[in-house]
Amino acid sequence: MRVALILLAAAIISAAQPVVDPQLATEISQIKAIDNHAHPVRPTWGSDKDMDYDALPVESMDPYTEPVRTRRGSPLALEASRALFGDVQDFRARKKQLMEEKREGYANWVLDQLGIETMFANRVAMGAGLAAPRFIWVPFEDALMYPLNNAILAAKNSDRKSFFADEDRLLKRYLKECGLTEAPATLDLYLQKVVTPTLERHKRGGAVAVKFEAAYLRPLEVADVPRSEAARIYSGARALPVTESAYRMLQDFLFRYIASECGRLGLAVHIHAAAGAGGYFQIAGANPMNLEPIFNDPKLRSVNFVMLHGGWPFTGEVAALLSKPNAYADFSQQTFNNYPRAVAGVLREWFEYAPEKVLFGTDAYPFSVEMGWEEAGWVANKTGREALGIALTEMLRDGEILRERASEIARMVLRENARKLYKLP
Ligand SMILES: [Zn+2]
């Protein structure tokens, strides 16, 4: 009886205290967000198809064990489709119809449904229907790190094989945009005629940041290699096939060169720093602790780095790394792969250290027919806002922050931190 009464009392208390403070929940739902990282797809009709949403599309990977939330048949996809497209039988037909109706306004309409004002579009190229100021470009720069023959790296496994074929194609595209058909003979010329002009073109194209998917291709540890050594490796590779370790040194030099050019051009550097898709993904290599020497390089102190996906599962490491003046983190992808309670735990840990360096993100991505970028964006947006609400409510109830500060952090994380970092209007 006593036990039953205690249980009843506990139930009443928890009923009286919703997981998210209602006032905070309302505020959070009304904040127009800036989404730090996503892969929106260009609206298309007729036979047009958009393939520029990723430099390394994960469609062609070998099968692996996906997180429960993202598996085929996940109830979240249906929930998202219903919320976005209404209670219809055929979501694909409805989506198509909406695209035909709204044409180049379709993607803006999707953002309106999510309460997202600005979405960072991590894409190879932009295009009609994804226009500024609602969509801001974040191009890919990994291809610039791989100017030599990539056969030795592609031979590692089937996923790397398709990734390096993609990178080879993208570098060809960049070379062509620079008026070249192949990489120049020396490193100096390569930097002068390809790397710097590509970054400058991306900046002119509206980019405010660039993205590295490096962790899909190699570990994130980057040595400080002298230019003369990198130049010798670059030129030597034209006569003799390069070893993997020598090639790595050239890549390391190129990464630091690109990062420093980004600093000069006022572009932030986004780095995939978390576990990634695929059964061959090297999780240990993606640990953001590997980036510490980069953050600590005095020559790169003025370059702002954003650890995309917040390092998951190394989220405590990210909290510590936020002490670097040039380090930031977003919680995109976590908002898609993980449940709100788990994401809230991560956020709270970061908020107790550096809430001014935490950025909201969805990683909205066209995963499948059922889970398009629209549905993925809806799921991640909902989870992200819930997680934010849970984390701030807990801090409020534990007396760590006052209500006013909770509201302020919500606004900072959903938009103000990004506005400041990227100098948005
Ligand atoms: Zn992404």
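Order of listing sets the numbers, starting from 1, for every ligand and every atom in it. Sequence positions, counted from 1, serve as the residue numbers for this chain.
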Is [X] reaching over with its side chain to a backbone N or O of [Y], donor-acceptor style, under 3.5 angstrom?
X: Tyr216; Y: Ala277; value: yes
X: Glu375; Y: Ala80; value: no
X: Arg415; Y: Ile31; value: no

List the atom of Leu359, the atom of Ala418, and the distance in Å for their closest heavy-atom pair.
CD2-N, 3.5 Å
Grab the two heavy atoms, one from Glu213 and one from Ala55, that are nearest each other, plus how far apart they are.
OE1-CB, 3.6 Å
The number of protein N, O or S atoms lying under 2.8 Å from the Zn ion (ligand 1) is 3
Between the side chains of His39 and His37, is a donor N or O closer than 3.5 angstrom to an acceptor N or O?
yes
